[in-house]
Amino acid sequence: MTNSLITKTNDKLSCEPFLRWAGGKRWLIKDLHKFLPGGGYSKYHEIFLGGAAVFFHLRPKGQSYLNDFNPDLINTYQCVKDDVMKVLEELKKLNNTKDDYYKIRSKKYRSDYKKAAKFIYLNQTSFNGIYRVNLNGEYNVPYGFRTKDFIEEENLKTISNILKPCIFSHNDFADCLDNIKKNDLVFLDPPYTVAHNNNGFIKYNQKLFSLEDQYRLHNLLVKINEIGAHYILTNAAHYKIKEIFGDAKKIYELSRASLIGGKNAKRGQYKELLITNI
């Protein structure tokens, strides 16, 4: 635990998330202050890191623990933290064309920095920034025909500085308990098992994060609460989720805009749950 509680962000370092992430929490940022501990918190933990919108908004001072089960994602953050210039050097070798995209997508790299550059490049130039792999673990999202520059040099340099105190891991979420101490803040945004606002289960998410995982997640929250740490969990607005996490101190239902496109996609307002012991 740090000697003093964090009551404000590191305002001197302003940045934006450098990855697009389906299901990310940028929409929550404007209201996040309403749910933070009024007296501040010690260290910050994010268990399902993804695009890290909440972390980059808070920009906690001091050490943070950032985890995701995706090792390629964590390698990318680690490389940006360790030597952002090497990542930028590799990024500048790549071109945003359809032919180049599919060539780069199919390549296998040994260098962690080349892997990180590939991850950023594919994320920025693919269709809707979706992260999806086939049964062989190969990234298979099609080209996105984006014209936006995929290299945000100054933003990445700033992010590298912000990440310096961070400790990264790519563990199962249930293995992230050891570093959590009293008065810490834990933010959790798991893959959603169920569809928004209806009773349907999403088959591909059932593979990523099953209903059993939701029960395991509930057990983790019980342990976090017993430690005396604060938690904020976001989840799908579904009766089963309310049932599983019904013993939480507070459950809020929030509206957000759907930002995921594709065949048969419906854009509009969706409900999500924010579950917390604060």
Side-chain angles (χ1 to χ4, degrees), residues 13-26 44-57 59 63-134 136-144 146 148-172 176 189 191 208:
L13 296 174
S14 179
C15 69
E16 292 291 330
F18 67 98
L19 296 173
R20 299 185 292 159
W21 208 254
K25 288 296 172 284
R26 292 195 191 203
Y44 178 78
H45 305 254
E46 192 157 341
I47 307 299
F48 304 90
L49 187 58
V54 170
F55 169 78
F56 287 125
H57 172 72
R59 299 187 298 280
Q63 196 173 71
S64 295
Y65 293 87
L66 307 177
N67 177 79
D68 198 280
F69 193 62
N70 184 333
D72 294 325
L73 175 69
I74 292 301
N75 174 71
T76 300
Y77 281 108
Q78 189 72 55
C79 288
V80 169
K81 168 190 169 178
D82 291 344
D83 195 335
V84 68
M85 297 309 295
K86 282 187 180 179
V87 177
L88 286 166
E89 180 183 342
E90 296 299 333
L91 273 172
K92 290 176 181 178
K93 297 176 183 177
L94 308 179
N95 297 307
N96 183 12
T97 69
K98 183 178 180 179
D99 287 343
D100 284 294
Y101 177 87
Y102 287 108
K103 288 177 183 176
I104 293 164
R105 195 183 75 168
S106 66
K107 284 187 176 181
K108 307 291 185 183
Y109 295 108
R110 293 185 178 180
S111 162
D112 286 340
Y113 290 97
K114 287 182 181 292
K115 290 178 183 177
K118 176 183 176 180
F119 193 98
I120 295 171
Y121 169 85
L122 293 178
N123 176 269
Q124 290 297 313
T125 58
S126 67
F127 175 74
N128 273 354
I130 298 169
Y131 185 85
R132 186 185 67 203
V133 297
N134 60 23
N136 295 321
E138 299 166 335
Y139 186 82
N140 63 356
V141 179
Y143 183 58
R146 296 187 86 210
K148 183 179 182 293
D149 190 354
F150 62 87
I151 302 175
E152 299 177 343
E153 185 165 350
E154 294 308 313
N155 190 50
L156 275 177
K157 289 178 181 178
T158 301
I159 283 171
S160 181
N161 288 326
I162 290 173
L163 295 178
K164 294 304 183 190
C166 296
I167 296 176
F168 291 100
S169 60
H170 54 88
N171 296 323
D172 179 82
C176 295
D189 180 32
L208 289 174

Between the main-chain N or O of E16 and the side-chain N or O of N155, is there a donor-acceptor pair closer than 3.5 Å?
yes

Looking only at the aromatic ring of each residue, does the gap between the centers of F127 and Y101 stay below 6.0 angstrom?
no

Hey, is the main chain of N140 close enough, under 3.5 Å, to the side chain of R132 for a donor-acceptor pair?
yes

Test your reading of the model: is there a side-chain donor-acceptor pair from K25 to the backbone of D189, 3.5 Å cut-off?
no

So do the side chains of L73 and L19 get within less than 4.5 Å of each other, counting heavy atoms only?
yes

Using every non-hydrogen atom in the two residues, find where N70 and D68 come nearest and quote the distance to one decimal.
N-OD1, 2.9 Å

Main chain of S126, side chain of R20: is a donor-acceptor contact present, judged purely on distance under 3.5 Å?
yes

I would like to know whether Y109 and F119 meet ring pair (Phe, Tyr, Trp, His ring centres under 6.0 Å); could you show each step before the answer?
CA-CA 11 Å; Y109 295 108; F119 193 98; over 10 Å; no

Under a 4.0 Å threshold between the charged nitrogen and the carboxylate oxygen, would E89 count as salt-bridged to K86?
no

Between the main-chain N or O of Q124 and the side-chain N or O of R146, is there a donor-acceptor pair closer than 3.5 Å?
yes

Please confirm whether the backbone N or O of E138 pairs with a side-chain atom of N136, one donor and one acceptor, at under 3.5 Å?
no

Aromatic ring pairing Y65/H45, orientation class (parallel under 30°, perpendicular over 60°, tilted between):
parallel

Tell me if the aromatic rings of F48 and F69 count as close, with their centers under 6.0 Å from one another.
no

Nearest atoms (heavy-atom pairs only) where N95 meets Y121:
O-OH, 2.7 Å

Side-chain donor/acceptor of K118 to backbone N/O of K107, under 3.5 Å:
yes

Please confirm whether the backbone N or O of N67 pairs with a side-chain atom of N171, one donor and one acceptor, at under 3.5 Å?
no

Without swapping roles, check the side chain of K115 against the backbone of T76 for a donor-acceptor pair under 3.5 Å.
no

Donor on one side chain, acceptor on other, D100 and Y143, under 3.5 Å
no

Report the C-alpha distance between V141 and L122 in whole Å, list the side-chain angles of each, state the deciding distance to 0.1 Å, and finish with yes or no for side chain to side chain contact (heavy atoms under 4.5 Å, CB included).
CA-CA 9 Å; V141 179; L122 293 178; over 6 Å; no

To check you understand the geometry: which heavy-atom pair defines the closest contact between L156 and L91, and what is its length?
CD1-CD1, 4.0 Å

Atom of N123, atom of W21 and distance for their closest heavy-atom approach
ND2-CE3, 4.2 Å

Would you call the rings of F18 and Y77 parallel, tilted or perpendicular, where under 30° means parallel and over 60° means perpendicular?
perpendicular

What closest approach, in Å, do I159 and V80 show between heavy atoms, and which atom pair accounts for it?
CG2-CG1, 4.0 Å

Looking at S106 and Y102, would you say the former's side chain and the latter's main chain have a donor-acceptor pair under 3.5 Å?
yes

Counting heavy atoms not belonging to K157, are there more than 12 under 6.0 Å from its NZ?
yes

